[in-house]
Asks: 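Below is a structure I'd like to ask you about.
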Number of protein chains: 2
Amino acid sequence: MKPATDMKNDTSKRILDIAEELLLTRGFNAFSYQHISSALGVRNAAIHYHYPKKTDLGVALIQRYRRRFQRFVEAQGGLTPAQQLERYFTLTDAYFEHDQQICPSGILTTEYQTLPEEMQQQANAFVDEMRDWAVRIAACGREDGSMRYAGTPQAMGVLMLAALQGGLQLARTDQTVLLTLKEQIRALLGLTSPLP
Amino acid sequence: MKPATDMKNDTSKRILDIAEELLLTRGFNAFSYQHISSALGVRNAAIHYHYPKKTDLGVALIQRYRRRFQRFVEAQGGLTPAQQLERYFTLTDAYFEHDQQICPSGILTTEYQTLPEEMQQQANAFVDEMRDWAVRIAACGREDGSMRYAGTPQAMGVLMLAALQGGLQLARTDQTVLLTLKEQIRALLGLTSPLP
DNA sequence: GACACCTTACTAACCAGTAAGTAAAGTTTC
DNA sequence: GAAACTTTACTTACTGGTTAGTAAGGTGTC
């Protein structure tokens with residue numbers, strides 16, 4: 001009985017999935033290969049077979065985030081800036097509702113100083129890509145007249161990103177933070193809440 | 001040669017200072033008693049004498065932050081909301097300029113899930129106090145007409161806090177973030193930049 | 001002599017990482 | 001198509017280092 005679809009490298013992917021869960025709940029320094037191996041039902045060394053060093057695992061994780069984010073951006077090229085922002089809000093909500101996870105950039109920048117250099121470089125690139133996207137949203141929204149706000153699109157993009165990153169963290173001590181924050185960002189952009 | 005001033009518990013305070021430095025640069029999980037003892041020039045067990053468990057040290061750290069923040073708030077009761085906000089900006093800048101530290105609430109909420117319960121409780125109280133203060137600034141600023149912004153003071157306070165917390169973290173990958181962010185928050189509040 | 005403040009010396013647990021071996025599946029060669 | 005091999009995906013067993021934490025002892029000061 002062999003599966004028809006290609007199951008190539010199934011374990012590698014499952015390791016990444018478990019590692020992602022651990023990264024967003026506990027942080028990179030606070031999870032070990034033991035956590036992964038016991039969750040996966042294999043021995044410790046099996047994880048090292050797929051990702052020899054923990055750094056390799058970390059780099060693979062960030063690269064996957066970057067690919068995902070790229071696809072996220074491309075997948076909604078046709079939407080209005082406001083709609084794209086709402087999609088990002090939804091993404092943020094999903095993180096929180098999944099075990100009070102925080103966003104990857106939040107963990108990576110917080111633990112930045114203790115990360116190996118390869119991970120720092122990946123983190124830099126990842127954060128850059130996210131900021132560029134946020135700025136683009138703010139710029140397009142102003143251009144097409146759908147968003148009205150003080151300051152430059154650069155500043156507004158950075159503010160939205162920083163606020164949501166900090167907000168996801170603060171939500172762990174008060175779960176109303178996220179709702180408040182989304183509503184306030186809409187208000188600052190001169191947007192109305194999305195219809196129910 | 002004995003110092004005239006009371007040096008009572010000098011070591012305890014120095015341990016806290018070193019631990020604070022480590023907390024804000026590396027995070028609570030990523031520093032050990034070894035880091036402290038070698039920085040202080042004593043043996044490991046000496047740290048345990050002053051703070052038997054690492055949790056004790058963590059709780060003491062947060063409690064000191066709470067006392068400090070309380071004093072910070074009280075010390076500038078007479079200032080205008082805008083002036084108080086600028087003081088907070090200055091505080092934020094100081095963190096970054098000191099080894100790219102991030103703010104305590106950023107670390108505590110990010111590592112929240114891995115912290116012992118006593119530290120979580122202290123962190124909750126600390127974040128609450130900070131949020132209350134931020135909201136009060138926004139509320140007073142609207143009342144006296146010095147700040148003009150969309151949304152409620154509650155939402156604006158949370159946004160400022162979240163944005164600065166996230167901004168300090170993001171500044172590690174791009175040091176222009178903080179400057180941009182401060183300017184944008186001023187813009188959103190209808191404030192002009194402080195005179196040079 | 002009691003106390004504050006440290007030391008040396010230790011334990012038990014955990015950590016990332018490695019080496020060597022194994023079983024099964026896949027590939028090559030005749 | 002069967003024997004010979006190579007590769008994949010693990011296992012067991014280990015090393016060396018770090019971790020928080022403890023116990024017992026020493027030393028100077030009031």
Asks: Taking 4.0 Å as the cut-off, does a side-chain nitrogen or oxygen of A:Gln34 come that near to OP1 or OP2 on C:dC14?
Replies: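 The answer is no; no side-chain N or O of A:Gln34 sits under 4.0 Å from OP1 or OP2.
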Asks: Whole angstroms only, please: what is the CG-C1' distance between A:Leu57 and C:dG17?
Replies: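 It works out to 14 Å between those atoms.
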Asks: Starting at OH of A:Tyr33 and ending at C1' of D:dG17, how long is that distance when rounded to a whole Å?
Replies: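 After rounding, the gap between these two atoms is 17 Å.
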Asks: Counting distance only, does the side-chain N/O of B:Arg172 pair as donor-acceptor with the main-chain N or O of A:Thr110 below 3.5 Å?
Replies: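 Yes, because the side chain of B:Arg172 sits within donor-acceptor range (under 3.5 Å) of the backbone of A:Thr110.
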Asks: Provide, to the nearest angstrom, the distance between the CD1 atom belonging to A:Ile47 and the P atom belonging to C:dC15.
Replies: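 Interatomic distance, CD1 of A:Ile47 to P of C:dC15: 13 Å.
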Asks: With the side chain counted from C-beta on, respond yes when A:Asp93 and A:Leu179 share a heavy-atom pair under 4.5 Å apart, and no when they do not.
Replies: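 A:Asp93 vs A:Leu179: side chains apart.
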Asks: Need one value for A:Tyr49: base, sugar-phosphate or nothing, where a base atom within 4.0 Å counts as base even if backbone is also close, heavy atoms only.
Replies: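 Since a base atom lies under 4.0 Å of A:Tyr49, the category is base.
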Asks: Does B:Arg66 come within less than 4.0 Å of B:Asp128, counting only side-chain N to carboxylate O?
Replies: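 Answer for the salt bridge query: no.
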Asks: Less than 4.0 angstrom between a side-chain N/O of B:Thr11 and OP1 or OP2 of C:dC5, yes or no?
Replies: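 Indeed not, no polar side-chain atom of B:Thr11 lies that close.
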Asks: If you apply the rule salt bridge (charged side-chain N to carboxylate O under 4.0 Å, His left out), what do you find for A:Glu20 with A:Arg68, and how did you get there?
Replies: CA-CA 13 Å; A:Glu20 177 179 357; A:Arg68 263 195 220 156; 3.0 Å; yes
Asks: How long is the line joining CG of A:Asn44 and P of D:dC10, in whole Å?
Replies: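 After rounding, the gap between these two atoms is 14 Å.
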Asks: D:dT18, OP1 or OP2 - any side-chain N/O from B:Ser32 closer than 4.0 Å?
Replies: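 For D:dT18, neither OP1 nor OP2 has a side-chain N or O of B:Ser32 closer than 4.0 Å.
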Asks: Identify which nucleotide among D:dA20, C:dA16, D:dT12 has an atom closest to any side-chain atom of A:His48, counting heavy atoms from C-beta outward.
Replies: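 Nearest to the side-chain atoms of A:His48, counting from C-beta on, is C:dA16.
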Asks: Show the nearest heavy-atom pair for residues B:Gly151 and A:Ala187, with the distance to one decimal.
Replies: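 Result for this residue pair: N-CB, 4.4 Å.
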Asks: Starting at atom CZ of B:Arg43, determine the distance to atom P of D:dA23, rounded to an integer number of angstrom.
Replies: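 Taking CZ of B:Arg43 and P of D:dA23, I get 20 Å after rounding.
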Asks: Provide, to the nearest angstrom, the distance between the NE2 atom belonging to B:His50 and the C1' atom belonging to D:dA20.
Replies: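 Result: 17 Å.
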Asks: How close or far is atom P of D:dT18 from atom NE2 of B:His35, stated in whole angstroms?
Replies: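 Spelled out: NE2 on B:His35 to P on D:dT18 is 10 Å.
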Asks: What is the distance from CZ of A:Phe31 to P of C:dC14, rounded to the nearest Å?
Replies: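 Nearest whole value for this atom pair: 18 Å.
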Asks: Between C:dT7, C:dA16, D:dT12, which nucleotide gets closest to the side-chain atoms of A:Lys54?
Replies: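 My answer, after comparing the listed nucleotides, is C:dA16.
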Asks: Under 4.0 Å: is that the gap between some side-chain N or O of A:Lys53 and OP1 or OP2 of C:dT18?
Replies: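 It does, given that an N or O in the side chain of A:Lys53 lies less than 4.0 Å from OP1 or OP2 of C:dT18.
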Asks: When you measure from the side chain of A:Ala46, which nucleotide among C:dC15, C:dA16, D:dC10 comes out closest?
Replies: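 Nearest to the side-chain atoms of A:Ala46, counting from C-beta on, is D:dC10.
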Asks: Using a cut-off of 4.0 Å on non-hydrogen atoms, how would the nucleic acid contact of B:Tyr51 be classed: base, sugar-phosphate, or nothing?
Replies: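 No contact.
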